[in-house]
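Since the structure comes first, as structure tokens, the remarks are kept for the end.
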Amino acid sequence: MGSYVQVGTSASQVSNLPLIGNLNLNLGANGYAVAQNTFGDLGLSLTFPLIDFGRGPQRQAAQAALAAARAEGSEQQRGSRFAITAAYLDLQVADALLPVWQQALQLSQTLQRDAGAIRRRGLAARIDTLQARTLVERDRAGLSEARSQQQVARSALARLLNLPAEQAVRARDPLLPAQPWPLGLDASLQRALAQRPLLEALAQQRQVQLQRQQEARAQMLPSVGLQLGAGYGGNSLNLPVLSGTAQASLGGVGSATASGSGSGSFSGGFYNWGGFIGLRQPLFDGGVSRESARLAGTLAKLRQLDLDQARQTIVQNVQTWYATHQAAGEQIRAAQAAVQAGEQAVRDAQLRYRAQVAPILEVLIAQRDLQAARSAGAIAIQRWNLSRAGLLREAGSPDPAAEPAAGCSSGRGGCGQRPLVRTAVPGPNG
């Protein structure tokens with residue numbers, strides 16, 4: 001704090017001037033004085049709560065909020081990993097379905113040539129060539145759709161990886177079944193409910209509201225605080241004009257006397273320190289603390305409901321992914337057997353049709369069944385891998401050492417793991 005004041009007076013006597021203090025001026029006849037005072041003070045005050053019933057809940061609420069934020073970050077990492085894995089599996093199955101349609105088109109074109117050759121010898125009706133042509137066009141349409149789905153899957157994965165629009169993405173590995181999920185259903189449920197960051201985040205959010213409820217109730221409780229202070233002040237009084245017969249004195253610090261004209265000055269300083277203990281007892285706050293506590297209690301109940309619903313959702317998801325995983329294993333084995341039988345059936349049907357001992361419908365059915373079996377096999381592998389990724393998201397990794405360390409890089413060489421995808425910038429010809 002600082003101040004400066006200048007006072008000019010011709011009064012016979014002036015005492016206790018504002019912002020100057022105990023200054024006495026005795027001016028004779030026709031006397032005049034000008035007083036200039038400069039004051040500066042520097043101090044420090046510290047307040048420390050000794051008893052504050054709201055400080056503990058406030059600190060615990062902050063700690064719970066920090067823990068909830070960390071748990072939400074872990075849950076977002078799980079969700080992002082699952083989304084990227086699902087998009088990668090979609091790209092893998094799109095890549096796997098492309099050769100399925102290419103093989104189906106080759107078989108249908110072979111059938112069309114056979115039907116044309118047989119009809120030219122007069123051994124087949126025109127409907128055979130028309131049906132073969134219909135099959136070729138259907139397979140061409142399916143191949144075009146498969147290529148479109150491949151581009152869509154590549155774009156979806158690139159968006160999740162936050163890559164530029166001009167940067168292409170291709171799957172690094174072919175679509176193969178991953179290792180089976182090693183845990184049983186009961187163990188998976190137990191692990192999912194015990195080590196799920198989502199549940200931890202909701203529990204910490206509920207704890208935040210409970211602590212805020214306690215903090216609101218503590219607003220009307222007494223508090224005791226200690227305040228300490230110390231400072232130093234300096235004062236300088238200057239009388240540049242002191243005319244006539246005059247005498248000036250400042251609080252016993254000094255005096256000056258002049259006859260005719262003259263000047264005088266005074267200066268000094270002081271320090272002080274002190275401390276006190278204060279008791280604060282709120283009497284009335286208009287019901288703010290009561291309503292704040294009621295609101296926090298209601299929000300805590302809502303967080304509890306969210307926590308219960310999240311547990312039920314996790315149980316449902318684990319049971320769904322586990323059942324899907326078990327069914328996908330059987331579907332993979334069934335599809336493999338169907339592909340083997342379908343390939344043999346197509347060869348036999350082609351030979352029978354060329355020998356004119358079977359109608360073309362038999363070949364059409366055999367080729368359709370083979371194409372469906374190959375597609376079902378690729379989709380079954382994708383469901384197998386996706387269900388395992390879903391169980392990994394819900395229950396976490398069965399082997400903690402297999403999980404990537406927090407904060408490790410996902411680029412080349414990061415954490416010693418192979419990257420999921422490889423990227424390539426298209427050239428001038430795309």
Side-chain angles (χ1 to χ4, degrees), residues 71-97 149 153 156-157 160 171-203 304-339 372-406 417-418 420-421:
E72 288 176 355
S74 299
E75 181 66 23
Q76 289 179 357
Q77 289 180 354
R78 284 197 180 189
S80 298
R81 184 178 181 86
F82 175 77
I84 294 175
T85 302
Y88 183 71
L89 292 174
D90 289 341
L91 178 56
Q92 280 188 321
V93 75
D95 292 342
L97 290 177
Q149 293 299 321
L157 180 58
L160 286 175
R172 179 186 180 93
D173 303 316
L175 182 63
L176 296 175
Q179 294 294 327
W181 181 251
L183 301 179
L185 179 58
D186 294 337
S188 300
L189 287 172
Q190 183 179 2
R191 186 178 182 86
L193 295 175
Q195 302 183 11
R196 184 63 186 272
L198 175 60
L199 300 180
E200 175 67 17
L202 292 175
Q304 181 62 45
L305 291 176
D306 294 339
L307 184 60
D308 296 338
Q309 291 179 354
R311 288 195 181 99
Q312 295 297 329
T313 302
I314 290 174
V315 171
Q316 177 64 39
N317 291 340
V318 170
Q319 292 175 345
T320 300
W321 288 125
Y322 189 84
T324 302
H325 194 65
Q326 298 299 316
E330 296 295 333
Q331 292 169 357
I332 292 175
R333 289 186 287 271
Q336 292 174 348
V339 168
R374 287 172 174 170
S375 299
I379 295 175
I381 295 176
Q382 189 256 2
R383 295 181 71 234
W384 168 273
N385 293 340
L386 183 62
S387 59
R388 192 185 192 283
L391 290 171
L392 185 64
R393 178 190 181 184
E394 299 296 334
S397 176
D399 183 11
E403 282 293 293
Q417 298 185 7
R418 295 193 307 171
L420 281 176
V421 297

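Atom set for the values below is all heavy atoms of this structure, side chains included, hydrogens, waters and symmetry mates excluded. All values reported here derive from a predicted model rather than from experimental measurement.
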Next item on the list: Please check if the side chain of Arg78 supplies one atom and the backbone of Arg393 the other of a donor-acceptor pair under 3.5 Å.
Entry: yes
Check: Got a second to check how far Gln331's CD is from Thr324's OG1, nearest 0.5 Å?
Finding: 8.5 Å
Checklist line | Minimum-distance pair of heavy atoms, taken over all atoms of Ala310 and Leu199 | finding: CB-CD2, 3.8 Å
Notebook entry, point to check: Can a salt bridge be assigned to the pair Glu330 and Arg333 using a cut-off of 4.0 Å between side-chain N and carboxylate O?
Noted result: yes
Margin query: Looking only at side-chain N and O atoms, does Asp308 offer a donor or acceptor that is under 3.5 Å from a partner on Gln304?
Written below: yes
Notebook entry, point to check: Quick one: does Leu89's side chain get under 4.5 Å of Arg383's, heavy atoms only?
Noted result: no
Check: Quick check: does any side chain N or O of Arg388 sit under 3.5 Å from a backbone N or O of Gln179, one acting as donor and the other as acceptor?
Finding: yes
Checklist line | Validation row: Leu176, Ile381 side chains within 4.5 angstrom (heavy atoms) | finding: no
Next item on the list: Over all heavy atoms of both residues, which pair between Tyr88 and Arg172 is shortest? Give the atoms and the distance, please.
Entry: OH-N, 3.3 Å
Checklist line | Between CG on residue Leu392 and OG on residue Ser188, distance to nearest 0.5 Å | finding: 11.0 Å
Item checked: Closest non-hydrogen atom pair, Gly377 against Ala335 -> CA-CB, 3.4 Å
Notebook entry, point to check: What's the shortest heavy-atom distance between Leu175 and Val93, and which atoms?
Noted result: CD2-CA, 3.9 Å
Check: Taking all atoms of both residues into account, what is the closest heavy-atom pair of Pro174 and Gln92, and its distance?
Finding: O-NE2, 3.2 Å
Margin query: One pair to check against side-chain hydrogen bond (donor to acceptor under 3.5 Å, both in side chains): Gln190 and Asp186. What are the steps and the verdict?
Written below: CA-CA 6 Å; Gln190 183 179 2; Asp186 294 337; over 6 Å; no
Checklist line | Where Leu160 and Ala83 come nearest, the two heavy atoms and their spacing | finding: CD1-O, 3.4 Å
Margin query: How long is the straight-line distance from CG of Leu189 back to CG of Asn317, given to the nearest 0.5 Å?
Written below: 10.5 Å
Notebook entry, point to check: Between Arg191 and Ala395, is there a donor-acceptor pair closer than 3.5 Å when you use the side chain of the first and the backbone of the second?
Noted result: yes
